[in-house]
Amino acid sequence: MASPTPELLFERPNFMRVYKDGTVERFIGTEIVPASTNPTTGVRSKDAVFDQETGVSARIYIPKTTANAIDNMKLKLPLLVYFHGGGFCIETAVSPMYHHHLNSLAAEANVVVVSVDYRRAPEHPLPAAYDDSWAAIKWAASHSKGGGPEVWLNEFVDFDRVFFAGDSAGANIAHHMGIRVGSENPDGFKLVGIALIHPYFGGKEPIGGERDNAPGKARGDKLWLFACPTSRGLDDPLFNPGKDPNISKIGCGKVLVCVAEKDMLRDRGWYYKEELVKSGWGGVVEVMEAEGENHVFHLFNPTCDNSVAMLKRLAAFMN
């Protein structure tokens with residue numbers, strides 16, 4: 001007699017299916033690529049576990065310029081701490097498209113990258129991803145005096161030039177890590193700027209194009225509530241930065257928000273800029289909009305004109 005089919009708990013077609021017995025099926029974002037030396041850019045990468053208790057790791061990238069340095073002590077580069085997207089549920093720091101993107105960004109911007117492989121929902125619901133991301137930041141900062149466990153960070157990073165960035169859910173994480181830096185003022189580094197690419201924010205009341213796309217907004221809202229079962233709802237400050245009394249504490253002097261014209265999250269990016277300006281935060285926030293493009297287009301089509309333009313803008317932002 002065949003076993004009964006497990007009862008569904010959550011389903012998003014072509015994305016993920018979760019059953020009540022705890023089984024999780026991810027339909028995308030499951031491929032991995034090993035760390036290596038990229039033959040085109042010369043960027044080197046390797047993986048490092050930074051939390052022995054949880055086993056959470058990061059992939060580190062260093063550009064070709066570090067390999068050619070005569071005196072490593074003279075070659076200090078900006079550090080980018082990157083948080084991947086995927087609705088807090090799919091993709092990893094070792095997914096092929098993130099590996100490719102950060103190889104390209106490290107080469108273009110001439111920066112060291114720490115790409116955080118945080119734990120994902122539903123096995124590890126939020127705030128696990130936030131906790132892991134903060135642990136990664138503190139681990140990176142522990143190298144600021146040159147005595148940390150990772151040689152590349154000791155030798156090549158200028159901890160007075162640190163940036164955070166992420167796409168989609170990763171942009172959400174980057175924003176909240178920026179607030180935490182401003183609130184806690186940790187030692188060991190200076191956060192210069194944050195780049196938010198197609199940030200995954202929301203809210204109870206629809207704005208802009210959301211009013212004409214109720215099914216799309218409902219999918220985004222449902223995913224948030226699933227990934228963060230302890231959430232206070234759609235106006236939770238973790239999801240709706242406009243409801244966060246701490247938004248003005250973001251601990252850097254400049255923010256770049258990248259949005260895409262056809263992305264349902266486009267208006268949330270513009271709304272974020274408005275709220276950040278209104279909050280009294282004293283920095284500079286800019287928005288770059290890609291015409292005719294959809295959500296995280298740069299990961300799926302990295303050689304198109306808009307992707308190249310965004311890569312160059314991100315590189316300029318960090319230099």
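Following chains of ILVMFWY side-chain contacts shorter than 4.5 Å, one cannot reach I90 starting from I197, and the two form parts of different hydrophobic clusters. In the hydrophobic cluster analysis, where Ile, Leu, Val, Met, Phe, Trp and Tyr join through side-chain heavy atoms closer than 4.5 angstrom, V111 is grouped together with M310. There is no path of hydrophobic side-chain contacts, each under 4.5 Å, that joins Y271 to L238. With hydrophobic clusters built from ILVMFWY side chains whose heavy atoms lie under 4.5 angstrom apart, F83 shares a cluster with F201. V192 and V181 are not part of a single hydrophobic cluster, where members link through side-chain heavy atoms under 4.5 Å apart.
Ring planes of F226 and F10: parallel class, angle under 30° (limits at 30 and 60°).
Remark: the D47 side chain and the S57 side chain contain no N/O donor-acceptor pair separated by less than 3.5 Å. Counted by atom type alone, S307 and N301 present zero donor-acceptor pairs between their side chains at under 3.5 Å. A donor atom on one side chain and an acceptor atom on the other are not found under 3.5 Å apart for S104 and E108. In summary, the side chains of Y82 and D167 do present a donor paired with an acceptor at a separation below 3.5 Å, with no hydrogens or angles considered.
Side-chain atoms of N14 and I28, non-hydrogen and from C-beta on, never get closer than 4.5 Å to each other. Taking 4.5 Å as the limit, every side-chain heavy atom of M177 sits out of range of all side-chain heavy atoms of I194. Side-chain contact between L105 and Y61 is absent, with no heavy-atom pair separated by less than 4.5 Å. The side-chain heavy atoms of L153 and V112, taken from C-beta on, include a pair separated by under 4.5 Å. Two residues are said to be in side-chain contact when any heavy atoms from C-beta on lie closer than 4.5 Å; K190 and R161 fail this criterion. For the pair Y200/L223, a side-chain contact is recorded, criterion being any heavy-atom separation below 4.5 Å from C-beta on. Counting heavy atoms from C-beta on, the side chains of C228 and F88 never come closer than 4.5 Å. Between T23 and V18, every side-chain heavy-atom pair lies at or beyond the 4.5 Å cut-off.
Not a single donor-acceptor pair under 3.5 Å links the side chain of N306 to the backbone N or O of A290. H143 places a side-chain N or O within 3.5 Å of a backbone atom of W139 that can act as its donor or acceptor partner. Checking side-chain atoms of D267 against main-chain N and O of G209 turns up a donor-acceptor pair under 3.5 Å. Not one N or O on the side chain of R59 forms a donor-acceptor pair closer than 3.5 Å with the backbone of S115. Under a 3.5 Å cut-off, the side chain of N319 and the backbone N or O of A315 do form a donor-acceptor pair. Looking only at distances, no side-chain donor or acceptor of W224 sits under 3.5 Å from a matching main-chain atom of R219. At least one donor-acceptor pair under 3.5 Å links the side chain of T41 to the backbone N or O of V43. Looking only at distances, a side-chain donor or acceptor of T54 sits under 3.5 Å from a matching main-chain atom of V56. At least one donor-acceptor pair under 3.5 Å links the side chain of D235 to the backbone N or O of K204. Checked by atom type and distance alone, the side chain of E261 pairs as donor or acceptor with a backbone atom of G292 at under 3.5 Å.
Under 4.0 Å is where a charged nitrogen must lie from a carboxylate oxygen, and between E293 and K262 no such pair does. Ionic pairing of R266 and D263 is not present here: no N-O contact between side-chain nitrogen and carboxylate oxygen is shorter than 4.0 angstrom. The pair R26-E123 meets the salt-bridge criterion, with a side-chain N (NZ, NE, NH1 or NH2) lying under 4.0 Å from an Asp/Glu carboxylate O.
Residues L126 and T230 share a closest heavy-atom pair of O-OG1, 4.1 Å. Heavy-atom minimum distance, R268 versus P206: NH2-CA, 4.3 Å. Minimum heavy-atom separation, C258 to P199: O-CD, 3.9 Å. A pairwise comparison of heavy atoms in Y118 and G85 identifies OH-O, 4.1 Å as the closest pair. Considering all non-hydrogen atoms of both residues, A169 and G87 come closest at CB-N, 3.7 Å.
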Working for salt bridge (Lys or Arg N to Asp or Glu O under 4.0 Å), residues E205 and K217: CA-CA 10 Å; E205 296 300 322; K217 183 179 186 307; over 6 Å; no
side-chain hydrogen bond (donor to acceptor under 3.5 Å, both in side chains) evaluation trace for K249 with N246: CA-CA 5 Å; K249 294 181 180 179; N246 294 317; 3.2 Å; yes
Stepwise side-chain contact (heavy atoms from CB on, under 4.5 Å) test for W152 and V157: CA-CA 8 Å; W152 284 0; V157 171; over 6 Å; no
Test salt bridge (Lys or Arg N to Asp or Glu O under 4.0 Å) applied to K46 and E150, step by step: CA-CA 10 Å; K46 65 178 176 180; E150 179 46 60; 2.6 Å; yes
Candidate pair F164 and L80, rule side-chain contact (heavy atoms from CB on, under 4.5 Å), full reasoning: CA-CA 6 Å; F164 296 165; L80 171 63; 5.7 Å; no
Pair E155-K76, salt bridge (Lys or Arg N to Asp or Glu O under 4.0 Å): steps then yes or no: CA-CA 7 Å; E155 292 188 351; K76 294 291 186 177; over 6 Å; no
Test log, rule side-chain contact (heavy atoms from CB on, under 4.5 Å), inputs L256 and L314: CA-CA 8 Å; L256 173 65; L314 289 169; 4.0 Å; yes
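Across F297, Y272, W270, a single residue satisfies ring pair (Phe, Tyr, Trp, His ring centres under 6.0 Å) together with H198, and that is F297. For the pairing with N103, the side chain to side chain donor-acceptor pair (under 3.5 Å) check across H99, H100, H101 returns one residue only, H99. Just one residue in the list D132, D51, D131 forms a side chain to side chain donor-acceptor pair (under 3.5 Å) with R119, and that residue is D132.
Residues passing the ring-ring contact (aromatic ring centres under 6.0 Å, His included) test with W134: none are found, sequence neighbours excluded. Applying the ring-ring contact (aromatic ring centres under 6.0 Å, His included) rule to Y98 yields the partners H84; only residues at least two apart in sequence or on another chain are considered. By the salt bridge (Lys or Arg N to Asp or Glu O under 4.0 Å) test, R17 pairs with E11, E25, sequence neighbours left out.
Atom CG of N213 has more than 12 heavy atoms from other residues, nucleotides or ligands within 6.0 Å.
Both cation-pi conditions hold for K254 and F317: the charged atom is under 6.0 angstrom from the six-membered ring centre and inside a 45 degree cone around its axis.
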